[in-house]
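Throughout, numbering of the chain's residues begins at 1 and tracks the sequence.
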Amino acid sequence: MRGVHSAVDDIRRNVFKEVALLAYEDGDLSRLNEIPYKMIPGEVALHRADVFLERAILKERLRLALGLNMQDPEEHQPLSATVRELTEVSDAESKKHFEKPLVNIIPFACNKCPPKQIRITDSCQGCLSHPCMNVCPKKAIYLDERKHCHIDQSKCVKCGKCYNQCPYTAISRIERPCAAACGMDAIGSDELGRAKIDYNKCVNCGMCLVNCPFGAIADKSQIFQTVRAIQRGEEVIAIVAPAFVGQFGKAATPGKIRAAMRQVGFSEVVEVAIGADLCTVEEAHAFLEEVPEKMPWMGTSCCPAWSMMCKKLFPKESKNVSMALTPMVITARMVKLLYQDCKVVFIGPCAAKKAEANRRTIRSDVDFVLTFEEAQGIFDAKGIDFNTIEEDPEEKLENGTGYGRGFAVSGGVAAAVAETISHLAPDRQVQIESANSLRECRKMLMLAKTGKRDGYLLEGMACPGGCVAGAGTIAPVKDGAANVEKFKNAAALKSCLETPYLTSLNDVEKAYLVTPVDGDATAYPVTNLSPETLGNA
């Protein structure tokens, strides 16, 4: 389903546009009550049984897009009733990016899809060999009076052996799309048969929300907060993830994206591939120093959903995941040292980055997180057309090395670290393994747990294909990967060790006292450093 444009995409993106327009208008927030009627006019429903249900669902999507919690079904308040808090919070309160949970299922939007089942269809030919019956370990398959097969669902354990044996492909396997996409098995059912998230298992990867064909799942957004900071005249700097290239259409070159971001109000734009370069160097040094003397293997740190999965499912092995700061955090800290009173907005492909930035140890570094889809909503609100906008005449959004840009695709992080190690320790041979999707990551960690990956550098990415397949991407995964590869090859500098920002890494490390707290890298800024100490950063 990913990569095929749908009505769900249109609904999501129109909501983002309307929230951005509301933030730019500086007007009466009561207009929020009109948006559902603007988006769904008239008396005839566009996609569901009735127009009232569609508008009710849209109201909850708007609340989530504003960063608010969904409304309790017992409450009967207009949308605008609780929104004023968005513009009246103090600066200290604004650090509370959002209240958990991040990813939410809108109950009355859920189709109550059946849980995992194996079914025999009418295509069954009633063959004499009955291979489906012969392989069933629970004897759950029986014959009717026509000698056609059926499954007793009370006995079926959904092993799929019959599905693989039928010579007529008359057996189908059905599973909730959201549950099938969840590598943490975090989606079950509530008492009414609707999908429900077990937040003790959820790692906020967002794969459920982009695989629900009914658009019943949504995450919270910070579009409103970002635009309001711009409107207040604050210095707001965008740091853009390596997967950005090609996400806003073929006409959106790096130079045009920079120009567009200036037009919507960002004062500066920085490529997060710079932070990826520095993260690579840190992880290369850590691997050389710690594997195998201090740990049997080392996992990469950049994907927060992968890291959280390790902590939840493999707590003993999670200590082997690198403690290096992620590219987002390194880049944000560099920016904060240069512009100490600025707001930093990370723009990327990932829902889990919102949860990462909401950790108490990182809130002072990354003020807001937007996905590419949410950034597109801001561009749409301001009428940005990448076919006509002129490129930034002075600078382009091109600062990272080739290997740093490669972080956006599966295998790119491990490749960058291994390449750096080849320069630092030419005689050291590094075995690497990459897994993308949480199910594959779990398999890889099971092998590591049994000692079969000792000495390895393990890269885990929660999204199938890597960051280019994140929940907040716009371009099809294959196109995103191809665009990143082209952009990577066009880089003037290839190796992460060639980055001119290595001295900045030293300055960032000096500016923060780093100690592990609850698995996070906790930082306390040293205020006596000035931007001049960062050299060319």
Side-chain angles (χ1 to χ4, degrees), residues 1-20 32 35-42 44-71 73 79 98 101-115 174-182 186-190 192-197 202 204-223 349-352 354 370-377 380 463 469-477:
M1 197 174 86
R2 296 296 306 275
V4 178
H5 189 79
S6 69
V8 174
D9 299 322
D10 291 333
I11 293 168
R12 187 165 57 236
R13 292 166 196 178
N14 284 334
V15 165
F16 296 154
K17 176 183 176 180
E18 291 298 330
V19 169
L32 184 59
I35 294 178
Y37 297 89
K38 174 184 175 182
M39 292 182 63
I40 308 174
V44 180
L46 298 177
H47 307 292
R48 297 181 184 268
D50 63 71
V51 71
F52 306 106
L53 176 60
E54 285 196 332
R55 287 177 183 147
I57 294 168
L58 191 57
K59 287 179 182 179
E60 296 307 315
R61 294 196 72 94
L62 284 164
R63 287 186 62 85
L64 293 170
L66 286 162
L68 300 174
N69 293 325
M70 290 192 298
Q71 191 167 217
L79 269 173
F98 56 83
L102 170 63
V103 180
N104 298 262
I105 296 177
I106 303 171
F108 45 86
C110 178
N111 189 54
K112 302 180 184 179
C113 300
I174 300 173
E175 188 173 6
R176 274 184 175 142
C178 57
C182 178
I187 298 182
S189 300
D190 67 7
L192 298 178
R194 303 171 300 192
K196 181 179 180 180
I197 298 174
C202 178
N204 300 300
C205 69
M207 286 295 100
C208 59
L209 72 88
V210 291
N211 281 283
C212 174
F214 286 89
I217 309 178
D219 61 340
K220 292 176 179 174
S221 174
Q222 295 175 304
I223 295 174
C350 183
K354 297 179 182 181
L370 299 178
T371 65
F372 295 136
E373 264 197 328
E374 292 163 348
Q376 182 67 61
D380 291 342
C463 300
T473 55
I474 302 171
V477 177

(message) When you compare the side chain of C202 with that of L102, does any pair of heavy atoms fall below 4.5 Å?
(response) no
(request) Could you tell me whether F108 atom CZ has more than 12 heavy atoms of other residues or ligands within 6.0 Å of it? (result) yes
(request) Specify the closest pair of heavy atoms between C463 and M207, including all atoms of both residues, with the distance to one decimal. (result) SG-CE, 3.5 Å
(request) Find the distance between CD1 (I105) and CG (L209) and round it off to the nearest 0.5 Å. (result) 10.0 Å
(request) Quick one: closest heavy-atom pair of V8 and P213, and the distance? (result) CG2-O, 3.6 Å
(message) If the test is side chain to side chain contact (heavy atoms under 4.5 Å, CB included), which one of C113, S189, P107 qualifies with R194?
(response) P107
(request) Using modelled atom types only, decide if a donor and an acceptor are shared between the side chain of E54 and the backbone of A45 within a distance under 3.5 Å. (result) no
(request) Hey, could you give me the CG/NZ distance between N104 and K220, rounded to the nearest 0.5 Å? (result) 5.5 Å
(request) Heavy atoms only: give me the nearest A65-S221 pair and the separation to one decimal. (result) O-CB, 3.3 Å
(request) Please examine the side chains of T371 and P349, heavy atoms only from C-beta on, and report whether any two atoms are closer than 4.5 Å. (result) no
(message) Quick check: closest heavy atoms across E374 and K354, and the distance to 0.1 Å?
(response) OE2-NZ, 2.7 Å
(message) To the closest 0.5 Å, what do you measure between CZ (R61) and CG (N14)?
(response) 11.0 Å
(request) Taking the side chain as every heavy atom from C-beta outward, state whether C178 and N211 have any pair of such atoms under 4.5 Å apart. (result) no
(request) Taking all heavy atoms of L192 and all of D190, pick out the closest pair and write down the distance. (result) N-OD1, 2.9 Å
(message) To check you understand the geometry: which heavy-atom pair defines the closest contact between I11 and M39, and what is its length?
(response) O-CE, 4.0 Å
(message) Nearest 0.5 angstrom please: D380 CG to E373 CD, how far?
(response) 10.5 Å
(request) Would you check, one step at a time, whether the test side-chain contact (heavy atoms from CB on, under 4.5 Å) holds for I35 with K59? (result) CA-CA 9 Å; I35 294 178; K59 287 179 182 179; over 6 Å; no
(message) As an exercise, state the distance from CG of D219 to CZ of R12, rounded to the nearest 0.5 Å.
(response) 8.5 Å
(message) Please report the interatomic distance CD(Q376) to NZ(K17), rounded to the nearest 0.5 Å.
(response) 10.5 Å
(request) Using a 4.5 Å cut-off on heavy atoms from C-beta on, say whether the side chain of I197 contacts that of V103. (result) yes
(request) Taking side chain to side chain contact (heavy atoms under 4.5 Å, CB included) as the test, write out the residues that go with I174, two or more places apart. (result) P114, R119, S172
(message) Could you go through R48 and F214, starting from their C-alpha distance and side-chain angles, then the distance that decides it, and tell me whether this counts as side-chain contact (heavy atoms from CB on, under 4.5 Å)?
(response) CA-CA 10 Å; R48 297 181 184 268; F214 286 89; 4.1 Å; yes
(request) Please confirm whether the backbone N or O of V15 pairs with a side-chain atom of E18, one donor and one acceptor, at under 3.5 Å? (result) no
